[in-house]
Number of protein chains: 2
Amino acid sequence: MSRIKARVLKGFRDYMPENMLPKQKMLNLVANTFESFGFSPLQTPALEYAECLLGKYGDEGDKLLYRFLDNGERDVAMRYDLTVPLARVMGMNTQLTRPFKRYQIAPVWRAEKPGRGRFREFMQCDVDIIGAPDLMADAECILVGCSVLKNLGIDEFVIRINNRKLLTAMLSKYDIESPEDTLGVLRCIDKLPKIGEENVRKLLMSEHSLPASSVDGIFEFLDLEPNQLHAWFSGHELGLLGADELNELLKLLEELGVSDYVDVDLSIARGLDYYTGTIYETFLKADESLGSVMSGGRYDTLLSMFSGQEIPAVGISLGVDRLLYGLIEMGLLEAQASPSDALIGVFSSDERKLSYTVAEKLRLNGLNAEVYPGVARMKKQLQYANRQGIPFVILVGQSEFDRDEVILKNMKTGDQDHIKIDHLADHLQGG
Amino acid sequence: MSRIKARVLKGFRDYMPENMLPKQKMLNLVANTFESFGFSPLQTPALEYAECLLGKYGDEGDKLLYRFLDNGERDVAMRYDLTVPLARVMGMNTQLTRPFKRYQIAPVWRAEKPGRGRFREFMQCDVDIIGAPDLMADAECILVGCSVLKNLGIDEFVIRINNRKLLTAMLSKYDIESPEDTLGVLRCIDKLPKIGEENVRKLLMSEHSLPASSVDGIFEFLDLEPNQLHAWFSGHELGLLGADELNELLKLLEELGVSDYVDVDLSIARGLDYYTGTIYETFLKADESLGSVMSGGRYDTLLSMFSGQEIPAVGISLGVDRLLYGLIEMGLLEAQASPSDALIGVFSSDERKLSYTVAEKLRLNGLNAEVYPGVARMKKQLQYANRQGIPFVILVGQSEFDRDEVILKNMKTGDQDHIKIDHLADHLQGG
């Protein structure tokens, strides 16, 4: 076998243990939170028929598909997101009990130009309720989102909420009604936090040729309070419906006790064209520049693509990588090379059995304990624990064992003590 | 958007919630067991440069790669297993502290002819110790394997152990020395449990043109006890080394207290050519016909493909799908459509807040509780719980809530009781 250069594809990455350990801790907690609300896991394949994915993400999206002919000349592609595969599943399983509440945490692939924080393979983490038209489902998704963040130890965040009906109705008041114009103007408004009011005004007038009066109207709308929406949309059916939905959702979120985390922000537009009602984005107060770490909304028409019938749907999607970055930044999760709470050193072949016995005792107490897999100089074993960031090393020879003791070395402080074996687990859990 | 037929590629499958819930439960337990022994998770990309994968799995394997040119005309392929990507990682990260103990649970892709239980996308679950030449590492992998099975509730299994050096030495005694002949004969011996001694004898003589005396010798070897190996291999260096390794490993497994799960079986050959020492396969006593659910061994030369230097390596690989199947067969895991312990019904918009309050209380007690996401007829809500297999429905109106009570309906028995809210979690956990 000739030697080959070991390299990873551009835009792809290995997650080495020090990043994978906190990531997995985070994802387990996220999954447990989802399940505590009754969401079930679903798993779909990495590969789909290309025709299932094409045309769903616009021309730009189609270009970003990893698409090829397989050995059977089938036109296939790697999934671009988890929403279209969900739509396919709903189309194939019309017998599914509704509401269908599923979550999926899985990688997706996009042949994008890689850049800072932008990869060609990344994890998506979606929760959706399918088949529930009631705003209780919208509220439930937001509640799940709040619970995830709180369970991760984050208490300072804001969910900016809006309703797509309000935006569509507002734009139609200024005769912006074609899907292209609507999307163009919404994307422009979406830039508000990044480029500021003056620049958005200029863009709207230059790129979208809006008269100054329309632009004034748009900014008047953006400043409205929820309770002013009814008056502003007086006589405009879609606007009134959006105002009802937003106010009813706020009432529900109040009942759920999460009002403090929610802010109405009429400029939240979400770049995608399939939202039909509630929309939201979530920012960490510690670092708003991270961008939205959790976003979503209601999309009552998207799922019709396979089933032919409209199916109400509402969901929330976590920005796993951003969230992981934020958690590590805030010190709520630590990079960690080893899961071990302790390394049990090995003195000699004759005494290794004692090390195994002690390790097993710790594991039965819920601790992670590894035995050094060989008989090496103690210096080498300590060096290993040190490099791996394992906080404690336990040494046990026959004489210690005969006294029901071990030697416990704290790798941070360098302290070394004799400890009774029966007290060891408590000691490690406490210290 | 025109309507497209919803379909999944041949050889691929969706894991619907009822199968995904037990699968995830199993995988979480497996991962936790791995970590309790100090193994860290590693994640590698789904796509690799094709040159990294080609030539590693033989001609047959190369043909099974999902291989294509990406948008940048790079020759890429989806990973075929988790071992070659691990070798690539070791080649790229020569600074990694050794022993490097990693596990990876992830899908792999093979464009195989799909058949009963054979899919084109399936999960692999590997644990390896890299950089530890000591037999303690071999023993450790077997111990981890035993712990995984025992933690899954399986106590009746047998790990059939052998050593590749013994097989190679035995064959060389009969002048079977070229890699092709060696592999051919080993694959033939591997068929012993399936086709029986007579047929293996015939195959060895016809296909491999072995004289009857050699075939007799092979079967004499297969019947040896571990303590007879030294005498049998007298004067044959590799054979003696293999005998030493096997006997030392047995001693270690005795020290580890797992001897009862281990049987020496000199016919275990493992079809792959890269094993260099210990090899093993594991069978569930409840259903040996499932095939090996856990196998592996030592492969001290494979990792040199990228690094150019030999790196000792030993590992164990779980047959996730077989194991899941076995666990469900044995009643140790149940298919389950919903993770919810209880559904909290909703009487009316005015009372839904009460339902949320009760659900939150249950979640704080570690239970999974969902609120029906809408105000629907109670019959419909009960039907939903029934279809989802949710064991309890809780009903709470203002009058119940004012008495700190709820109505608890056991969906299996149909019993309905009034229960104090404070006793609810205990009641559900107990019942």
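Keep in mind that this is a model prediction, so the values were computed, not measured. First the proteins, then the strands, lettered A, B, ... as listed; each starts at 1.
For A:V76, the part lying near chain B is the side chain, with the backbone staying farther off; criterion is any non-hydrogen pair under 4.5 Å. Only the backbone of B:L65 comes within less than 4.5 Å of a heavy atom in chain A; its side chain stays farther off. Only the side chain of B:N28 comes within contact range of chain A, with at least one heavy atom under 4.5 Å from a heavy atom of that chain. Heavy atoms of A:A46 lying under 4.5 Å from chain B belong to its backbone as well as its side chain. For B:M78, the part lying under 4.5 angstrom from a heavy atom of chain A is the side chain only. Neither the backbone nor the side chain of B:F122 comes within less than 4.5 Å of any heavy atom of chain A. With a 4.5 Å cut-off on non-hydrogen atoms, A:K101 touches chain B through its side chain but not through its backbone. Looking at B:E121, only its side chain comes within 4.5 Å of chain A, counting heavy atoms on both sides.
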**OP:** Applying side-chain contact (heavy atoms from CB on, under 4.5 Å), run through B:F37 and A:N368 and close with a yes or a no.
**Re:** CA-CA 6 Å; B:F37 282 83; A:N368 297 338; over 6 Å; no
**OP:** Take A:E18 and B:R102 through the salt bridge (Lys or Arg N to Asp or Glu O under 4.0 Å) test and state the conclusion after the steps.
**Re:** CA-CA 11 Å; A:E18 62 266 30; B:R102 84 90 177 79; over 6 Å; no
**OP:** Go through A:L252 and B:K353 one step at a time and tell me if the side-chain contact (heavy atoms from CB on, under 4.5 Å) criterion holds.
**Re:** CA-CA 8 Å; A:L252 271 160; B:K353 188 182 173 174; over 6 Å; no
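The line from OG of A:S147 to CD of B:E360 is 6.0 Å long, rounded to the nearest 0.5 Å. Going from atom OG of B:S40 over to atom CE of A:M16 covers 10.0 Å, rounded to the nearest 0.5 Å. The CD atom of A:Q388 lies 5.0 Å from the OG1 atom of B:T97; values are rounded to the nearest 0.5 Å. B:C52 SG to A:K5 NZ: the interatomic distance, rounded to the nearest 0.5 Å, is 9.5 Å. Atoms CG and NZ, on B:N71 and A:K113 in that order, are 13.0 Å from each other to the nearest 0.5 Å.
Interface remark: of the candidates A:V89, A:L21, A:L47, A:L47 forms the most heavy-atom pairs closer than 4.5 Å to chain B. Contact count against chain A (heavy-atom pairs under 4.5 Å) is highest for B:P99 among B:G72, B:P99, B:P133, B:A31. When the candidates B:K63, B:E140, B:R352, B:E370 are compared by the number of heavy-atom contacts under 4.5 Å with chain A, B:R352 comes out ahead.
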Extract all donor-acceptor atom pairs below 3.5 Å that involve side chains of residues 7-15 of chain B and protein atoms in other chains or at least two apart in sequence.
{"unit_1": "B:R13", "atom_1": "NH1", "unit_2": "B:Y15", "atom_2": "OH", "d": "3.2"}
{"unit_1": "B:R13", "atom_1": "NH2", "unit_2": "B:D321", "atom_2": "OD1", "d": "3.4"}
{"unit_1": "B:D14", "atom_1": "OD1", "unit_2": "A:R88", "atom_2": "NH2", "d": "2.8"}
{"unit_1": "B:D14", "atom_1": "OD2", "unit_2": "A:R88", "atom_2": "NH1", "d": "2.9"}
{"unit_1": "B:D14", "atom_1": "OD2", "unit_2": "A:R88", "atom_2": "NH2", "d": "3.4"}
{"unit_1": "B:Y15", "atom_1": "OH", "unit_2": "B:D321", "atom_2": "OD1", "d": "2.7"}

